[in-house]
Structure formats: C-alpha cells, structure tokens
Amino acid sequence: MNASEDLAGMPLAQALAELDSSPGGLTADEARDRLERYGPNEIAERRKHPLLVFFGYFWAPIPWMIEVALVLSVVVGHWADAVIIGALLVMNGAVAFTEEHQAANAIAALKQRLAATARVLRDGSWISAPARELVPGDVVRVRLGDVVPADVRVLGEVSFDIDQSALTGESLPVGRGAGEALFSGAVVVRGEGDAVVYGTGANSFFGRTTALVGAAGTVSHFQRAVLRIGQRLIVLALALVSLTVVVSLLRGNPVLDTVEFALVVTIASVPVALPAVLSVTMAVGARKLARHQAVVSHLPAVEELGGIDVLCSDKTGTLTRNALALVACWTAPGVGEGELLAAAAAASRAEDRDPIDLAVLAAAGSAPAGTVERFVPFDPVTKRTEALLRGRDGLPQRVSKGAPQVIAALCTGDPVVGEVNRVVEEYAVRGHRSLAVAGTRRDGAWTLLGVLALADPPREDSAATIAAAREQGIEVKMVTGDQVAIGREIARQVGLGEGILDAADLGTEGTTDVEAASLVDGADGFAQVFPEHKYRIVRLLQGRGHIVGMTGDGVNDAPALKQADAGIAVAGATDAARAAADVVLLAPGLSVIVEAIRQAREIFARMTSYATYRIAETLRVLLLITLAIVAFNFFPVTAVMIVFLALLNDAAILTIAYDRVRGSKKPAVWDMRGVGTLAVALGVLGVAETFLLFALAVGVLHLDPDLVRTLIYLKLSVSGHLTIFVTRTRGPFWSSPRPARPLLAAVVGTQLIATLIAVYGLVMTPLGWAWAGVVWAYSLLWFVVEDRVKIAARNWLERHPAAAPSTLTPGADGPRPRGIRRAERNAG
C-alpha cells in the first residue's frame, strides 16, 4: 500500500496530521514549497525522443517501398535517380515530422485553454487556481458539476453523489460523506462542500490507473472515408502496376529497370501526403476556430460541427446576456421588502459565483439578519437552496429560495400560496424570471415570503445571428428551464417564433415516439426543460434525420452533450459539461457557435477538395502510364520524372490547409458518390488530353522520344497543380475567394522549379523555352475545359441525386442512421 492509499484509509484527524494541514488550508508559501516537493498535479505524458519520432517515419510500408527503389537505383547504377529518390525519402520524413509536430503543438496549446481550475483555500481566502498547482494538504471546494481535481477527503458533515464510472465502471452514482475519499477525475452530481487534498498527479487513483492503460484515439466518419480512398488507390495502383510489369517483362525489357520503374510509379500513386494533409488541415482549422473562441476538444469533431442542421441552444448566456438583475418583487401580506431580500440573501452564497445568487446579494446590499449555520446548495432535482439561519434573537429559522412551483409546494399550509401562479405569470409575460422565497415560523411550518423578478434581456446580436444561422441552413431551437411564457417572450424578441413547447408534453401518456418527434421537429423551442428532456429531444431529432448540435453547461447536460452529433459546452460551463462536449466555447453568445459552424464547413470544403484532387491525379498518372506501356510499349515518363512529380506535388498540396474557401450554405455531408464521380471525370479527361499531346508530338511533329517524355512530364506537372484550382470551387474557378497566399506561392514556386527542370534538362532531355511555352498554353486551355467538365458533372449529380434516404449517410460499412455516428465515436 502506498502513502496516498494509507491517507485514504486512516481516520481523517490522523490524515490531516500526516498532511500537516487543517480545515483552514495552507499558506501560499507552504503550497509553493509542496509544489516543488511533489510536482504538478498532472499526469506526465510519455513522449518519445524527437529523433526516434523522426526515424519512425522511415519505418513503414510506404518508406520501405521508397527505400527498395533507392537500393535498386544504386544496384543498377542510376546515381542521379538514387540521389533524387533519397531526397524524396528524406523530404517525406521531414515534412511529416514537421507538420505532425506542429499539429501536436497546436492541440497541446488548445488543451491548455481548457485546463481545469479549482477553488482552493490559501492564506484564509478562497481563490481560483489551476488544478495542476494543487498539493497535498490543500483545502478545495467541490460542488455540483465539478470534476474532482485531485484525490481528496471530505471535510464537514456534508454528503455527495459521485459519478466515478470513468474510473471504476460503476454505472450509478455513489454516495460519499464526511471523511470519505473522492477520486480525481470523478464527477460531482449532487452536493457541495470542502475537502482536503491527499493525492495528486501520479500518486492519485486516476494517475495510478492511467499508468496501466493507454488512450485510444477516435477516427471521424470523414477520416475513415478518406483513408478508405487511400486504401482503394493503393489497390488500384498495385493492380495496374502489376499489369505493366508483366507486359514489360514479356516484351523483354530489363528486369531491374522494370522493377525500379514499377516501384517508383507505385510510390507516386500512393497518397503519401494523405495523413499529413488531414492532420494539418484539421489542426489549422482548429486554430482558426480557437481564434473565434471555440476550442475543439478533439479534431474529428470538426466534421460533426460542419454537418449540423439543427442547433438546440441554451437561452441564458447564449441568447440572453446572462446578466441577471432584480427588477421587481412581490411580498406576501405582512412581509416587508427588506425581510424578503434578507431571507433570499441568507439562502445565497457569494463564493459559488452563481448568477442568481449574485443578483440577489447585490439587491439585498447588506448581510442577512443573523448567522448562517448550515447551507444546502442548489440541486437540479430539488430546484432550491436552503439555509439554517440563527437570528439576532438566538432563534433558528430555515429559509429557502428556488423555483416558484417548488417553494409553493413547500408552503402547503400557507393560504397566500394561491397567489404565486398569478404573480409568476404576470412577470413571465414581461420576460422576467421568477424566484420564490420562503421561511419557517417558530412552529417550524414553512410560509411564503414573496416572489422576486429577475431580468436577463436578449443579447444585442441574437436576432441577427439567428437570421445568419438560417441563411446557413441551420434551424435554431431554444432550450430553457424557464416557463413557457418567458421562453415565448424571449423567442419573440430574438426572432425565433413563438412555437415554444412545454417539455413536459413530450412525456404525455399516449404520445408515441413518432408523434413526439413530429412535435419536436416543428417546435421553435422548449421550456421547463429538465436534463432528461434534453437527451430525449436530441434522440427524437436524430430519429428524424437531423444532425444535431446541443449546447449545455451543467453536469446533468452531459448525457445530451454526448448523444448530440456535436456537443457544445457554453462559456462558463462546468468541468463535467466541458469533458462531455466536442467543442468548448470561451465567449458567450450564439454568434460564436454560428461562426464555429461556418469555419468547420470551410475545413470540410478544404478536405473534400483535397480528396477529389488526389483521386483525379492518381487516376491520371496511373492510367496514362498503364495504357502507354500496354498499348504502345512506350514509357511516357522516366522513374526520376515520377519522383519529381511526387516531390513537387507533396510540397505544394499541404498548403491547401491554409486556402481561402467558401463553405457550403447547407450542412456539410460527406458525399462519396459526388467526389468519386467528379474525380473520375477529371482523371479520365486528364489522360485523354495527355494522350492527345502524345499523339501530336509523335504522330504529327515526329519529336524524339526522350523529348516527348520531357514534354509529358511538364504537362503532368502543370496540369496536376492547375487541377487544385478546379477542385477548390463548386462553380467556375473564378467564383470562389482568391487562393490563399501560401497555396498560390507553393503552386507557383513548384511549377517554376518543374519548368526550369524541363527547360534546362536536369536528368532529362532539355525542352527549351519555346516548347515549355507550348505546354503551358496547352495546359491552360485544358484547364478551362476541365473547369466546364466539373460544372457539367456537378449539374448531372444534382439532376440525378442518390437514391439513398435523406436520413442516412454512408458509413464505413454502408449507410448508417446519422444519430448512431456519435455513439460509435464514443465507443471508439
């Protein structure tokens, strides 16, 4: 048994003595000394030495193929080929290492923005400190929605319900009381109180568990689709290259030269840059999202975010300002306003930073009339707070504030309770939120003291943002725990419509799931929502074929956030909600979410553009070489030319991650049929135009075969990169925002190099500037034709849509309901 396990089991008083601590916590100096002694409260990641990571890029199937080609070049004595192939090998390793390293650094930087904080007692005052700075002996405050920041022992007579399923596999929350241990990483689902830290970092229960298991990565639907494209391209390359090898050997060509050429063609056809392009595109996109105050917790969530067509949005802080203020109050007969506010203030606590509590305390303006001896924090089940107050006369009194219907039920013997509904309705019509307050008489019976009206007006940008969301094909539905009248008034002010559904109606006896789904689909929003309603709303919308984004901020929102295709934790969300979400917002307001969706669709457009380009280029090179060798026994390009093509293509294509694109006005859905059709059309057209050039050069102009090869090399290089500008737009190539400078500079730079190599004949027959000009003019002419073919192919696809139902999208193994995708990712 190690030291932290001893501290977990021994009597609390003895544990405090061992920790040299007390319920009063530590001083800043003591905490600083212990931080140096015990180290940060975090699990150190095991990282390989950078050199080992770099050399790892040379130990995989694709590098092996390049290395075999290098050896064959040396054996045959093709020294120029060997040098260039070696350069390709090193460049691929260096580019992959650099870009993956930058992507990893980007992710680490983003995760730092999500670093947890804890309320800790230092020098007798409560402060917020990074959880990584907690040390044994610190006293921390843990409350509803917190992820326990370290292994702690409960102080005082309080009780908690703890969800530690992620640690122990227990499916139900477990109860914990005074002196008992709470493990780091568990989620507080009920209760609030203080606790003393006894285990941090690797010495915590979570740390010891983490040392035994590795983290599993998740792969999005788009990643699976693109990787599947890569696998199919490899199979196609091997099949066609095998055919060319057999035909070439049967015709008596040298064995080593044939095998070397075949290897190099295979290397050029394999999408070597595919993993790097994917990670760089998503990492760059994630950095852009972060600049808009939306942090993606894991990169594959970009796809789901871009595909949202229904967004269930929180009201408070998202559609409204989340700046509650007391605007009116109604007092029961015989109760003064000061008495009402004093009781409400006693049932509030400033250190929790709860917006309702802060609004009440600001209105009360002075300390409660007595000493608060016990405080029961707000619970989403009971929907109220309670305090035991010792008045100046020494007599105890209990006070409570909370939802009006809950407080009214508490005061069943008070005849004035009948007024509550009327008062609440009057406030609701004006868009005010009501909070009822009650206290006990000397006989212990509860009596109603009054109702407070709190106002949280809409944000100035909410109406414009909702209109912008509709233009993007996103339907916004408001989700609020407030009453229907309040929800309807706020919805009217922000332009959502007044079709606000009482969430309780979803569970009405006799209502089938089909009927409930129809109600949910047609509603503008939902009021009086409980956490279980949020989860059901998401499931019902997904059952109707929608890709659903759900916002949330509390621990009880976690199931809905996990179930949604894109779970979004709003600004100020609890640690539990942030852990369950795909995207965490760092700023309030709906505009942040809509901007994040727009950015995600742009990222999706970049990746789709790359997938189309990659398929078209592979078909173009493979079919050209195969047909030329099989039909004419002519090698249209040499092995070193193919190496140059691959080298320059990979150097430029990575910059597509930085391109300016126009995202879809509709939810982004991966369309394998559309991508495949367009890529095949462009690839086959590319082969036809190159064969026409070959026919003209040989049959009409009677050029030397070696000069023809240089001609075709330059044609493949120029046309290949021009294809990027065809695939990056849906309409004519000039219809989209101009290309980003990195992409334009990369393409111009690589094609200048390719032209100089061809003109001056570096390891090939010199072409000269005149023929180079002819090739450029020929390629630009066909570039315009390719652009028109692209538009024709898209028009054909629109006139002949896929027969699959709209509620299905293609998955790794065929169509799957959209709502299942998130569950698959969670299981992954």
Side-chain angles (χ1 to χ4, degrees), residues 4 7-8 15-16 19 21-44 111-156 158 160-164 166-167 176 180-207 210 295 349-354 357 377 553-555 558 569 571-580 584 586:
S4 62
L7 289 167
L16 286 169
L19 292 166
S21 183
S22 71
L26 303 175
T27 66
D29 291 338
E30 287 174 331
R32 193 179 307 110
D33 292 341
R34 295 189 188 196
L35 186 61
E36 292 179 4
R37 190 191 325 164
Y38 296 108
N41 177 36
E42 61 187 6
I43 311 300
K111 285 184 176 178
Q112 283 298 315
R113 302 189 71 172
L114 300 181
T117 59
R119 294 287 290 172
V120 58
L121 190 59
R122 297 267 175 87
D123 293 320
S125 300
W126 289 101
I127 63 169
S128 290
R132 70 183 303 274
E133 295 180 6
L134 294 181
V135 295
D138 263 328
V139 171
V140 295
R141 167 73 50 78
V142 285
R143 57 180 303 213
L144 174 71
D146 285 351
V147 173
V148 179
D151 284 0
V152 299
R153 298 279 299 274
V154 177
L155 297 173
V158 294
F160 295 91
D161 282 349
I162 303 295
D163 177 1
Q164 53 188 30
L167 304 175
R176 292 288 183 265
E180 294 187 291
L182 311 182
F183 295 137
S184 171
V187 177
V188 180
V189 297
R190 185 182 176 113
E192 177 178 338
D194 299 341
V196 62
V197 174
Y198 71 87
T200 60
N203 291 321
S204 67
F205 179 87
F206 181 72
T210 303
V295 178
R349 188 154 63 176
E351 56 262 37
D352 289 345
R353 312 301 299 169
D354 181 83
D357 285 3
D553 61 358
V555 61
T574 61
D575 292 344
R578 298 199 305 180
V584 179
L586 304 179

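Quick caveat, the model's predicted, so the values are computed rather than measured.
For Gly193 against Val158, the heavy-atom pair with the smallest separation is CA-CG2, 4.4 Å. Of all heavy-atom pairs spanning Trp126 and Val139, the tightest one is CZ3-O, 3.9 Å. Nearest heavy atoms, Leu19 versus Pro136: CD2-CB, 3.9 Å. What you find for Leu26 and Ser21 is that their closest heavy atoms are CD2-OG, 4.0 Å. Nearest approach of Asn41 to Ala150, heavy atoms of both residues: ND2-CB, 3.9 Å. In plain terms, the two heavy atoms of Arg122 and Leu134 that are nearest each other are NH2-CA, 4.4 Å.
Using a 4.5 Å cut-off on side-chain heavy atoms (C-beta onward), Glu133 and Pro40 make no contact. Using a 4.5 Å cut-off on side-chain heavy atoms (C-beta onward), Ser184 and Thr200 make no contact. Val154 places a side-chain heavy atom less than 4.5 Å from the side chain of Leu182.
Panel note: side chain Arg153, backbone Leu7; a donor-acceptor pair is recorded below 3.5 Å.
Remark: Arg34 pairs with Asp20 by the salt bridge (Lys or Arg N to Asp or Glu O under 4.0 Å) rule, at least two apart or across chains.
How far CG of Leu144 is from CD of Glu192: 8.5 Å, rounded to the nearest 0.5 Å. Atom-to-atom distance recorded for Asp138:CG and Glu30:CD is 9.5 Å, nearest 0.5 angstrom. Here Asp161 contributes atom CG and Arg176 contributes atom CZ; the two are 10.0 Å apart, rounded to the nearest 0.5 Å. Here CG of Leu121 is found 7.5 Å from CG of Asp194. Values are rounded to the nearest 0.5 Å. Between the CG atom of Asn203 and the CG atom of Asp151 there is a distance of 9.0 Å, given to the nearest 0.5 Å.
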